[in-house]
Amino acid sequence: MPELPEVEVVRRGLQSSAVGRRITDLEILDARTLRRHGQGPQDFIEQVTGACIDSAQRRGKYLWLPMKTGSGEGTAMVVHLGMSGQMLVSRSDIPDQRHLRCRFVLDDGADELRFVDQRIFGGLYMDRLIAVDDAPGETIPSTIVHIGRDPLDRLFSLDEVFAQTQRRRTEIKRILLDQSVAAGIGNIYADEALWRAGLHFATPVNSMSRDEVTAIYAAAHEVMTEALDQGGTSFDSLYVNVNGESGYFARSLNVYGRAGENCRRCNSTIVRSAFMNRSSHYCPVCQPIP
DNA sequence: CCCGGCTCTTGGGCGC
DNA sequence: TGCGCCCAAGAGCCGG
């Protein structure tokens with residue numbers, strides 16, 4: 001389940017293995033992957049064929065590859081991995097992976113960039129880049145301007161996040177997962193950050209002090225940085241880097257996926273309960289219900 | 001504007 | 001052995 005650390009691992013892989021290369025041909029094996037590309041598959045093919053990959057950028061869980069295309073500058077291929085998306089750079093003679101949705105032939109054809117996605121929650125589309133208000137020279141795809149800066153971004157503003165928590169009337173986990181407040185946090189790192197900060201997921205945000213809001217986002221920053229250092233969290237083969245390798249952070253998780261096991265801080269039994277139509281994992285002693 | 005619920009999607013796992 | 005159901009999850013969308 002790629003969240004910020006996993007997407008950043010993929011971005012770094014693309015930075016070293018795909019940036020600077022030209023897409024000389026491509027094949028779309030499942031057009032559903034282009035759901036958000038409004039002009040259809042043929043338009044996508046026309047835009048991408050012959051384009052050179054200029055860089056690999058990320059905000060939160062969104063990746064994009066700015067490209068020089070025939071039609072003009074200021075466009076990028078936006079990539080969202082969803083639950084099960086993978087961007088793989090591999091030699092062309094390696095057989096197609098199961099669930100291969102799109103193939104980009106690089107340069108002379110010896111290598112390919114492959115988008116593999118079992119559940120088709122992820123997707124690819126072309127978008128125009130527009131200027132960012134708060135940073136001169138920085139651009140972002142037009143469709144994701146509503147996505148907030150993430151905790152690892154040098155311009156991340158805790159003041160703005162705290163202001164949001166003051167005026168919203170909802171629970172802290174909804175805010176953690178709201179990508180317009182702070183991007184990149186998904187279900188796994190939300191649960192892990194809440195455990196580290198000692199807060200229950202249903203804590204009303206407008207009741208939280210400045211210190212508590214600071215603590216929860218510091219915890220999110222900390223756990224995501226540690227996960228990035230371990231190559232991300234992999235439970236199975238669904239999340240891998242561009243070389244198809246898994247990360248090792250799953251063994252360091254304290255609550256996610258540990259229902260029925262003991263809390264590493266106080267030895268109580270970890271609980272799993274439903275919230276927002278998904279699972280939340282917490283320690284009932286370290287994170288008392290408000 | 002804000003809130004919260006619905007929807008899309010595949011395949012592994014489990015009960016009968 | 002096989003069928004059917006549940007679950008995993010991000011984020012756009014829409015009704016209240």
Side-chain angles (χ1 to χ4, degrees), chain A residues 1-8 10 28-38 58-64 78-87 97-102 115-125 127 140-151 160-161 163-194 201-207 220 224 227 232-240 246 250 253 255-260 271-281:
Chain A
M1 279 133 265
E3 302 178 28
L4 189 154
E6 294 75 33
V7 178
E8 176 61 14
V10 172
I28 299 161
L29 294 95
D30 192 323
R32 288 177 297 177
T33 281
L34 306 183
R35 195 180 309 128
R36 292 192 67 189
H37 188 84
R58 182 189 58 76
R59 181 182 284 203
K61 303 169 197 170
Y62 279 91
L63 268 175
W64 68 93
V78 183
V79 181
H80 198 292
L81 301 176
M83 276 182 77
S84 56
Q86 305 173 351
M87 288 290 268
Q97 291 80 1
R98 200 171 170 207
H99 309 302
L100 177 66
R101 309 297 182 187
C102 195
F115 183 72
V116 173
D117 188 11
Q118 180 198 94
R119 296 175 196 168
I120 321 183
F121 261 47
L124 310 171
Y125 59 96
D127 194 8
I140 191 169
S142 69
T143 48
I144 62 171
V145 289
H146 62 289
I147 301 295
R149 291 190 181 273
D150 61 60
E160 287 177 25
V161 172
Q164 288 269 352
T165 63
Q166 293 283 88
R167 71 166 170 268
R168 299 275 294 262
R169 300 177 65 83
T170 189
E171 304 94 339
I172 181 59
K173 191 169 175 183
R174 282 188 196 278
I175 298 296
L176 286 170
L177 295 176
D178 185 334
Q179 304 297 300
S180 69
V181 177
I185 303 168
N187 203 39
I188 297 171
Y189 297 113
D191 282 3
E192 293 298 313
L194 287 164
F201 61 80
T203 305
V205 275
N206 59 343
S207 76
M224 291 197 293
T233 300
S234 304
F235 296 108
D236 45 37
S237 58
L238 283 187
Y239 161 68
V240 293
S246 294
L253 297 174
V255 281
Y256 187 89
R258 296 192 67 240
V271 173
R272 180 173 76 117
S273 70
F275 181 72
M276 289 176 72
N277 286 326
R278 45 182 49 63
S279 294
S280 282
H281 312 74

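Heavy-atom distances under 4.0 Å link DNA chain B to no residue of residues 143-151 of chain A. Interface residues of residues 173-185 of chain A facing DNA chain B, ordered by number: A:R174; criterion, heavy-atom separation under 4.0 Å.
With sequence neighbours left out, the side-chain hydrogen bond (donor to acceptor under 3.5 Å, both in side chains) criterion links A:Q86 to no other residue. Shown here are the side-chain contact (heavy atoms from CB on, under 4.5 Å) partners of A:T143, two or more places apart in sequence or in another chain: A:R36, A:Y125, A:D127, A:P141. Partners of A:T170 under the side-chain hydrogen bond (donor to acceptor under 3.5 Å, both in side chains) rule, at least two apart in sequence or in another chain, do not exist in this structure. In this structure A:Q164 satisfies the side-chain contact (heavy atoms from CB on, under 4.5 Å) test together with A:R167, A:R168, A:V181, sequence neighbours excluded. With sequence neighbours excluded, no residue forms a ring pair (Phe, Tyr, Trp, His ring centres under 6.0 Å) with A:H99. In this structure A:Q179 satisfies the side-chain hydrogen bond (donor to acceptor under 3.5 Å, both in side chains) test with no other residue, sequence neighbours excluded. Applying the ring pair (Phe, Tyr, Trp, His ring centres under 6.0 Å) test to A:F201 and every residue at least two apart in sequence or in another chain returns A:F275, A:Y282. Legend: residues meeting side-chain contact (heavy atoms from CB on, under 4.5 Å) with A:R258, ordered by chain and number and at least two apart, are A:E261, A:R264, A:I270. Scanning for side-chain hydrogen bond (donor to acceptor under 3.5 Å, both in side chains) contacts around A:K173 gives A:N187, A:D191, A:S280, with sequence neighbours left out.
The separation between A:R278 atom CZ and B:dG4 atom C1' is 12 Å, rounded to whole Å. Remark: P of C:dA8 and CG of A:D191 are 11 Å apart, rounded to the nearest angstrom. If you measure from atom CG of A:D117 to atom P of B:dC8, you get 17 Å, rounded to the nearest angstrom. In this structure, A:M276 places its CE atom 16 Å from P of B:dT7, rounding to the nearest Å. In this structure, A:Y62 places its OH atom 5 Å from P of C:dA11, rounding to the nearest Å. Distance CG (A:D30) to C1' (B:dC8): 13 Å, rounded to an integer number of Å. Put simply, CG on A:N277 is 12 Å from P on C:dG10, counting in whole angstrom units. Rounding to whole angstrom units, OH of residue A:Y189 and P of C:dG10 are separated by 12 Å.
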Which atom pairs link the protein and nucleotides 10-13 of chain B when you take only N or O atoms and keep those under 3.5 Å?
| unit_1 | atom_1 | unit_2 | atom_2 | d |
| --- | --- | --- | --- | --- |
| B:dT10 | OP1 | A:R32 | NH1 | 2.7 |
| B:dT10 | OP1 | A:R32 | NH2 | 3.3 |
| B:dG11 | OP1 | A:H99 | ND1 | 3.3 |
| B:dG11 | OP1 | A:H99 | NE2 | 3.1 |

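Between A:S279 and C:dC7 there is no side-chain N or O to OP1 or OP2 distance below 4.0 Å. Between A:S84 and C:dA8 there is no side-chain polar atom (N or O) within less than 4.0 angstrom of OP1 or OP2. Between C:dA8 and A:R272, a contact under 4.0 Å exists linking OP1 or OP2 to a side-chain N or O. Listed pair A:R35 / C:dG12 fails the phosphate criterion, with no side-chain N or O lying under 4.0 Å from OP1 or OP2.
Looking only at side-chain heavy atoms (C-beta outward), A:L34 and A:R101 stay at 4.5 Å or farther from each other.
Summarising the local packing, CD of A:Q166 is surrounded by more than 12 heavy atoms from other residues, nucleotides or ligands at distances under 6.0 Å.
Using a cut-off of 4.0 Å between Lys/Arg side-chain N and Asp/Glu carboxylate O, A:D150 and A:R58 are scored as salt-bridged.
A:G82 comes within contact range of no nucleotide atom at all, as no heavy-atom separation falls under 4.0 Å.
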